[in-house]
Asker: 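Okay, here's the structure, questions in a sec.
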Number of protein chains: 2
Amino acid sequence: MVYPAHMGTEQANTRDRLITSAARLFRQKGYHGTGLAEILAESHAPKGSLYHHFPAGKSDLALVAADWVSQGMLEIIDASFADAADFAEGATTFCHKLAKLFDLNDSWQSCPISTILFDGPDNGAFRTHANTILTNWIKRTSLHARELGLEKADADAAAELLLITIQGAWTLARARASSEVIRRIPRHLYG
Amino acid sequence: MVYPAHMGTEQANTRDRLITSAARLFRQKGYHGTGLAEILAESHAPKGSLYHHFPAGKSDLALVAADWVSQGMLEIIDASFADAADFAEGATTFCHKLAKLFDLNDSWQSCPISTILFDGPDNGAFRTHANTILTNWIKRTSLHARELGLEKADADAAAELLLITIQGAWTLARARASSEVIRRIPRHLYG
DNA sequence: GCATACCTAGACCGAATGGTCTAGATGGTA
DNA sequence: TACCATCTAGACCATTCGGTCTAGGTATGC
């Protein structure tokens, strides 16, 4: 799981426990595949708390959980490119970090966003939200690319290609139950 | 939708109608997001027929539907590389065909396999099945690559990269509700 | 002390879920 | 005609679903 720095592992409050449990379960079993009862059980929260913190219920929680995961991903992107000499090096670090993350979680979790968001109840809002999150990842990556010397157009293209590839590789990795494909990306793209 | 050549558009029998409806709905709303009632209504079949043709019920149907979609994809791969002068040309045709397919269906369907299979009831069997299907696609693509002159290792790598990229691009295309990303793949990889 | 806002707690509900079961229609064969 | 396998038909069932509602606890301010 992606743990953003702003949320430690200590016993969190009810709201945070709901978010992390929901994020984990949605990634593992999908939105419709996860029941409220399961989320409630894992986060040791009663139903009343859920509907207090997330008045719109399940869909509300899913959106917030996706944001939380997204935040973690942005932090990983930043950490990967922070000390990189060029874009390829940063991208390589990025892939390795993700592969490690994949292995850490019994290698089953879906790409952070797609499963959470692609079968939401209301296609419109969920799709838009997923789009925003993915776009943010690409934008952030492109920003690092520019800082490492690429022209705007090249940076955008490199960032889009990298994230698309990671997205697809993550899917294949899950099907194969192996992070190998993710680790192979740098060789594919820059080798 | 991917329509394999072996199944025309004329009024098919109950079993085939169940498969096509299930495939469409699972791709649109996911496995758990689609109810049996919905599939039954769309295919104008009673419950008895479903459990006659697919004794194991929903999961059985999902597996067969995935196979059917997979068959269609293999035919598209073959058609794309049949008259290609080199691998890049075949891959370009492949991407264009998929983009057209994406546009044809109100641009919402998920990548053929991932959504159908990633939130199945039994992780083991479903994951394995998805893996088999994806591997078949890559194998078939690699075969065409070899016929077009690539060495075995290069062919495998090129096929894996292409299919990974398509997988990811399809996801992003769905989030953006636009097939543009899919069309851009050839420029990214071979341009 | 009291009051107030915030949060927890879980009983309860109608609707929808996947799945089972029996009855009947249908077509081929003798 | 009788017979039999194949398939259609849908009533029916237990369970689970997401969501509502009321009541109780708890912290903070006066």
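Reminder, nothing fancy here: chain letters follow the sequence lines and each chain counts from 1. Note that these values count all heavy atoms, side chains included, but never hydrogens, waters or copies made by symmetry.
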Asker: At under 4.0 Å between heavy atoms, what does B:K58 touch on the DNA or RNA strands: base, sugar-phosphate, or nothing?
Answerer: sugar-phosphate
Asker: Between B:D16 and B:T20, is there a side-chain donor-acceptor contact under 3.5 Å, judged purely by atom types and distance?
Answerer: no
Asker: Go through C:dG18, C:dT8, D:dT8 for me and flag the one nearest to the A:S49 side chain.
Answerer: C:dT8
Asker: So what does A:G35 hit on the nucleic acid, given a heavy-atom distance under 4.0 Å: a base, only sugar-phosphate, or nothing?
Answerer: sugar-phosphate
Asker: With a 3.5 Å distance limit and no angle check, can you tell me whether B:S70 reaches the backbone of B:A66 through a side-chain donor-acceptor pair?
Answerer: no
Asker: When we call it a touch if two heavy atoms are under 4.0 Å apart, what does B:T34 touch: a base, just sugar-phosphate, or nothing?
Answerer: sugar-phosphate
Asker: Round to a whole Å and report the spacing from CG of A:N13 to C1' of D:dA27.
Answerer: 15 Å
Asker: Write down the distance between CZ (B:R15) and P (D:dT8), rounded to a whole number of angstrom.
Answerer: 11 Å
Asker: So, is A:H32 near the phosphate of D:dG18, with a side-chain N or O under 4.0 Å from OP1 or OP2?
Answerer: no
Asker: Round to the nearest Å and state the distance from A:E38 atom CD to D:dC17 atom P.
Answerer: 8 Å
Asker: Compare side-chain N and O positions of A:H44 against OP1 and OP2 of C:dA9 and report whether any pair is under 4.0 Å apart.
Answerer: no
Asker: Which of parallel (below 30°), tilted (30 to 60°) and perpendicular (above 60°) describes A:F94 and A:F81?
Answerer: tilted
Asker: What is the distance from CG of A:L18 to P of C:dC7, rounded to the nearest Å?
Answerer: 13 Å
Asker: Would you please confirm or rule out a distance under 4.0 Å between OP1 or OP2 of D:dT8 and any side-chain N or O of B:T14?
Answerer: yes
Asker: Are side-chain N/O atoms of A:H129 and A:D67 paired as donor and acceptor at under 3.5 Å?
Answerer: yes
Asker: If I take atom CG in residue B:D16 and atom C1' in nucleotide D:dC7, what distance separates them, rounded to the nearest angstrom?
Answerer: 14 Å
Asker: Between the side chain of B:Y31 and the main-chain N/O of A:H32, is any donor-acceptor distance below 3.5 Å?
Answerer: no
Asker: Would you mind reading off the distance between A:L36 atom CG and C:dA16 atom C1', rounded to a whole angstrom?
Answerer: 14 Å
Asker: Starting at atom NE2 of A:H53, determine the distance to atom C1' of C:dT8, rounded to an integer number of angstrom.
Answerer: 8 Å
Asker: Does A:K47 or A:H52 map to a spot on DNA chain C nearer the 5' end, using the closest nucleotide for each?
Answerer: A:H52
Asker: Out of C:dT8, D:dG10, D:dG18, which has the shortest distance to the side chain of A:P46?
Answerer: C:dT8
Asker: How many whole angstroms separate atom CG of B:L40 from atom P of C:dT17?
Answerer: 11 Å
